[in-house]
There are 2 protein chains.
Amino acid sequence: MVFSTTTQYALKILAYLNEHKEGLCSAKTLSEELDIPYKYLTKIMTKFTKNEMIESVQGRYGGFKLIDSKIITIYDILKLCDGDSAKDCIIGKIECNERKRCHYHDAWQKPRESIKKDFLDADLKGCISKES
Amino acid sequence: MVFSTTTQYALKILAYLNEHKEGLCSAKTLSEELDIPYKYLTKIMTKFTKNEMIESVQGRYGGFKLIDSKIITIYDILKLCDGDSAKDCIIGKIECNERKRCHYHDAWQKPRESIKKDFLDADLKGCISKES
DNA sequence: TCTAATTACTACTAAAAAGTAGTATTTGAA
DNA sequence: TTCAAATACTACTTTTTAGTAGTAATTAGA
């Protein structure tokens with residue numbers, strides 16, 4: 001399965017923030033720890049902040065952190081990074097549903113459901129585990 | 001879920017060819033019927049032919065058709081269209097497996113398995129159904 | 001053998017995604 | 001109050017993907 005570079009960066013960043021809930025993480029740290037180009041990272045972070053996916057503190061000793069009360073799903077991340085292209089139809093038909101099906105509707109249904117159920121709709125904080 | 005434009009074109013083309021097994025389909029027909037830019041389509045078709053995913057007949061009254069004996073999976077199409085980027089790790093880690101897991105390994109496992117099992121490894125001809 | 005309709009090939013342009021550069025703004029602490 | 005270290009902003013460059021243009025090669029049939 002293919003996810004965009006930006007989405008992959010986003011997932012890595014959120015996992016890192018989730019493991020460092022105390023205090024703030026600077027862009028410099030994130031860039032070095034996660035091997036993401038600094039300038040590209042700061043651009044993403046600003047976008048996340050604007051969309052209230054994370055919290056930022058400006059000025060010296062500033063940085064980024066998760067918002068405790070906020071529930072984030074992978075679906076939210078996909079929507080933000082890849083645009084709202086997380087459509088349900090695999091060949092991108094606008095009208096593709098139970099009544100009017102594309103050629104792949106039935107074949108794609110099960111995996112799609114699984115993704116939605118097990119992954120996209122689950123709180124990120126809950127599904128992130130320790131690396132091993 | 002997001003699939004590249006090229007992948008979506010490919011899926012549509014193969015579904016159409018599967019519904020028109022008798023005789024050949026010309027690039028012109030495919031382009032018009034499936035609303036795919038003609039020149040872009042011919043480029044893709046040549047690539048498919050070279051990779052022996054379909055068969056082509058040149059010259060007047062020529063065109064394209066499926067190879068009866070050939071089993072094609074969505075995985076094959078992804079590999080051909082999006083490069084060999086259909087990696088198993090959602091954040092693209094080279095070393096991510098049962099022994100060494102990324103943060104999302106467990107969360108991604110079930111949907112990934114479902115995709116592989118129900119979709120990617122299944123013969124395309126079998127999973128394509130009629131539009132409705 | 002000539003022609004028209006087709007695929008194959010080569011090279012280009014346009015748009016989108018990824019990455020870079022420089023500067024402005026913010027802010028805690030010396 | 002000044003400074004250094006951080007985020008925010010604006011604009012650019014590079015790379016990849018999508019799409020276009022023109023021509024060559026192929027081939028069935030008149």
Side-chain angles (χ1 to χ4, degrees), chain A residues 2-13 17 20 23-67 77-85 91-92, chain B residues 2-13 17 20 23-67 77-85 91-92:
Chain A
V2 190
F3 293 90
S4 74
T5 306
T6 305
T7 300
Q8 293 186 5
Y9 286 167
L11 290 171
K12 284 164 74 174
I13 291 164
L17 292 179
H20 298 81
L24 299 164
C25 299
S26 72
K28 186 163 173 286
T29 303
L30 289 167
S31 164
E32 287 168 356
E33 292 292 318
L34 302 173
D35 199 32
I36 298 170
Y38 175 79
K39 282 286 187 179
Y40 196 62
L41 182 133
T42 58
K43 193 193 269 180
I44 296 172
M45 297 313 274
T46 303
K47 195 175 169 189
F48 288 176
T49 304
K50 274 191 172 169
N51 282 272
E52 294 178 328
M53 187 166 281
I54 57 172
E55 211 169 340
S56 80
V57 175
Q58 288 188 44
R60 197 169 190 180
Y61 307 104
F64 303 92
K65 60 179 287 195
L66 291 180
I67 303 168
I77 298 168
L78 283 178
K79 221 163 65 175
L80 193 56
C81 297
D82 296 340
D84 201 356
S85 54
I91 57 173
Chain B
V2 190
F3 293 89
S4 75
T5 304
T6 305
T7 300
Q8 294 184 8
Y9 286 166
L11 291 171
K12 285 164 75 176
I13 291 163
L17 291 180
H20 299 78
L24 299 164
C25 300
S26 72
K28 186 162 174 287
T29 303
L30 289 167
S31 164
E32 286 167 356
E33 291 292 318
L34 302 174
D35 198 33
I36 299 171
Y38 176 78
K39 281 289 187 180
Y40 196 63
L41 181 132
T42 57
K43 194 193 268 180
I44 296 172
M45 297 312 274
T46 302
K47 195 176 169 189
F48 288 176
T49 304
K50 275 192 174 171
N51 282 272
E52 295 176 326
M53 188 166 278
I54 57 173
E55 213 169 339
S56 80
V57 175
Q58 288 189 44
R60 196 168 188 180
Y61 306 105
F64 303 93
K65 61 180 287 196
L66 291 181
I67 303 169
I77 299 167
L78 284 177
K79 222 163 65 173
L80 193 55
C81 297
D82 297 339
D84 200 355
S85 54
I91 56 172

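Residue numbers start from 1 in every chain, and the chains themselves are labelled A, B, ... in the order their sequence lines are given, proteins ahead of strands.
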What pairs of nitrogen or oxygen atoms, one from the protein and one from nucleotides 25-28 of chain D, lie under 3.5 Å apart?
unit_1, atom_1, unit_2, atom_2, d
dT26(D), O4', Gln58(B), OE1, 3.4
dT26(D), O2, Gly59(B), N, 3.4
dT27(D), O2, Arg60(B), N, 3.2

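Residue pairs meeting the side-chain hydrogen bond (donor to acceptor under 3.5 Å, both in side chains) criterion with at least one partner in residues 55-67 of chain B, sequence neighbours excluded, do not occur; the list is empty.
In terms of position on DNA chain C, the residue among Ser56(B) and Thr5(A) whose nearest nucleotide sits closer to the 5' end is Ser56(B).
Looking at Ser31(A), its side chain never comes within 3.5 Å of a backbone N or O of Pro37(A) through a donor-acceptor pair.
A heavy-atom distance below 4.5 Å is found between the side chains of Ile13(B) and Leu34(B).
Contacts with DNA chain D (heavy atom under 4.0 Å) in residues 24-41 of chain A: Ser26(A), Ala27(A), Tyr38(A), listed by number.
Contact annotation for Phe48(B): no contact, since no heavy-atom pair falls under 4.0 Å across all strands. Note on Lys50(A): only backbone sugar-phosphate atoms sit closer than 4.0 angstrom, heavy atoms only; bases stay farther off.
In this structure, NZ of Lys47(A) is placed 18 Å from P of dT7(D), rounded to the nearest angstrom. Spacing between atom CD of Glu55(A) and atom C1' of dT7(D) amounts to 14 Å, rounded to whole angstrom units. The NZ-C1' distance, from Lys43(B) to dT16(D), rounds to 12 Å in whole Å.
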Trace of the side chain to side chain contact (heavy atoms under 4.5 Å, CB included) decision for Phe3(B) with Ile91(A): CA-CA 8 Å; Phe3(B) 293 89; Ile91(A) 57 173; over 6 Å; no
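If you take CD1 on Ile77(B) and OG1 on Thr7(B), they are separated by 8.0 Å, rounding to the nearest 0.5 Å.
Glu33(A) is linked by a salt bridge (Lys or Arg N to Asp or Glu O under 4.0 Å) to nothing, counting only residues two or more places apart in sequence or in another chain.
On the nucleic acid side, DNA chain C has its first and last nucleotide under 4.0 Å of a heavy atom of chain B at dA4(C) to dA11(C), going 5' to 3'.
A sub-4.0 Å separation between OP1 or OP2 of dT17(D) and a side-chain N or O of Thr6(B) is absent.
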Side chains of residues 40-52 of chain B: which donor-acceptor partners sit under 3.5 Å, not counting sequence neighbours?
unit_1, atom_1, unit_2, atom_2, d
Tyr40(B), OH, Thr6(B), OG1, 2.8
Thr42(B), OG1, Lys39(B), O, 2.9
Thr46(B), OG1, Thr42(B), O, 2.9
Lys47(B), NZ, Leu80(B), O, 3.1
Thr49(B), OG1, Met45(B), O, 2.8
Asn51(B), ND2, Lys47(B), O, 2.9

